[in-house]
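Along the sequence shown, the residues carry numbers beginning at 1. Note that the structure is predicted; figures quoted are calculated from it, not measured.
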Amino acid sequence: MSQHKFHLRLSCRYKDPDNTIDTLAVEVLTGDGWQPLDLNPQSPGFMLFVYTLFHCQHTFMRVNCAERRLMLESAEGGIDVVASEEWVLEQLHIDFSGKLKSGSPTGGDIDYITDRMRHCPVSMNIKTVADSRTVLRLA
């Protein structure tokens with residue numbers, strides 16, 4: 001049985017107000033190393049799904065940081081997805097690390113934001129993934 005593996009990473013810079021995206025770069029890990037993600041009409045559907053999930057998580061991360069008055073200067077993020085041979089999600093790991101421009105997060109802030117990330121509309125419409133984690137670090 002073969003699995004399908006997808007690894008994406010992003011690098012983002014923000015501007016005021018409310019952690020608006022200033023610049024965003026997304027890359028995908030291929031057999032040739034990290035390459036810019038180029039979504040187009042020929043992109044595999046599951047890659048579009050993985051990116052959509054990643055985008056939704058990123059949106060909820062930055063918006064809920066702003067809601068908690070945590071203004072971001074920049075962030076790095078990654079998503080690692082493993083699907084079974086039948087394309088069923090087996091692993092979903094999402095990791096964000098943000099550099100703050102202002103604000104001081106508490107443990108409660110981090111818990112709130114990661115919980116909200118897990119409730120983005122895309123995440124809410126997938127079955128429970130046995131090996132799932134969402135990590136957020138802010139400095």
Any side-chain donor-acceptor pair under 3.5 Å between E76 and S11?
yes
Can V135 be reached from L92 by stepping across I, L, V, M, F, W or Y side chains whose heavy atoms are under 4.5 Å apart?
no
Same apolar cluster: L8 and L39, side chain cutoff 4.5 Å
yes
Run the numbers on Q35 and E27 for side-chain hydrogen bond (donor to acceptor under 3.5 Å, both in side chains), then give the verdict.
CA-CA 5 Å; Q35 303 292 320; E27 297 176 304; over 6 Å; no
If you apply the rule salt bridge (Lys or Arg N to Asp or Glu O under 4.0 Å), what do you find for D22 with R13, and how did you get there?
CA-CA 5 Å; D22 188 25; R13 297 196 61 76; 5.8 Å; no
Hey, any chance F46 and I94 share a hydrophobic cluster, counting ILVMFWY side chains that come within less than 4.5 Å of each other, even indirectly?
yes
Are L89 and V82 connected, step by step, through hydrophobic side chains (Ile, Leu, Val, Met, Phe, Trp, Tyr) whose heavy atoms are closer than 4.5 Å?
no
Might you work through the side-chain hydrogen bond (donor to acceptor under 3.5 Å, both in side chains) test for S123 and Q57, ending with a clear yes or no?
CA-CA 8 Å; S123 296; Q57 292 276 320; 2.6 Å; yes
May I ask you to establish whether R137 and F96 are in a cation-pi arrangement, using a distance under 6.0 Å from NZ or CZ to the six-membered ring centre and at most 45° from the ring axis?
no
Could you tell me whether the side chain of L70 reaches within less than 4.5 Å of the side chain of D109, counting heavy atoms only?
yes
Taking atom NZ as the centre, does K101 end up with more than 12 heavy-atom neighbours from other residues, nucleotides or ligands that are less than 6.0 angstrom away?
yes
Heavy-atom side-chain proximity of V129 to E90 below 4.5 angstrom:
no
Please evaluate residues I21 and C12 with respect to the criterion side chain to side chain contact (heavy atoms under 4.5 Å, CB included), reporting the C-alpha separation (whole Å), side-chain torsions for both, the decisive distance (0.1 Å), and the verdict.
CA-CA 7 Å; I21 294 174; C12 191; 3.8 Å; yes
In terms of the angle between their ring planes, are F6 and W87 parallel, tilted or perpendicular, with boundaries placed at 30° and 60°?
tilted
Going hydrophobic residue to hydrophobic residue with side-chain gaps under 4.5 angstrom, can you get from I79 over to M47?
yes
Above 12 or not: heavy atoms from other molecules or residues under 6.0 Å from NE2 of H55?
no
Indicate yes or no: at least one non-hydrogen side-chain atom of V28 is less than 4.5 angstrom from one of W34.
no
Can you tell me how far the CD1 atom of I113 sits from the CE atom of M61, to the nearest 0.5 Å?
8.5 Å
Distance check, rounded to the nearest 0.5 Å: F60 atom CZ versus E67 atom CD?
10.5 Å
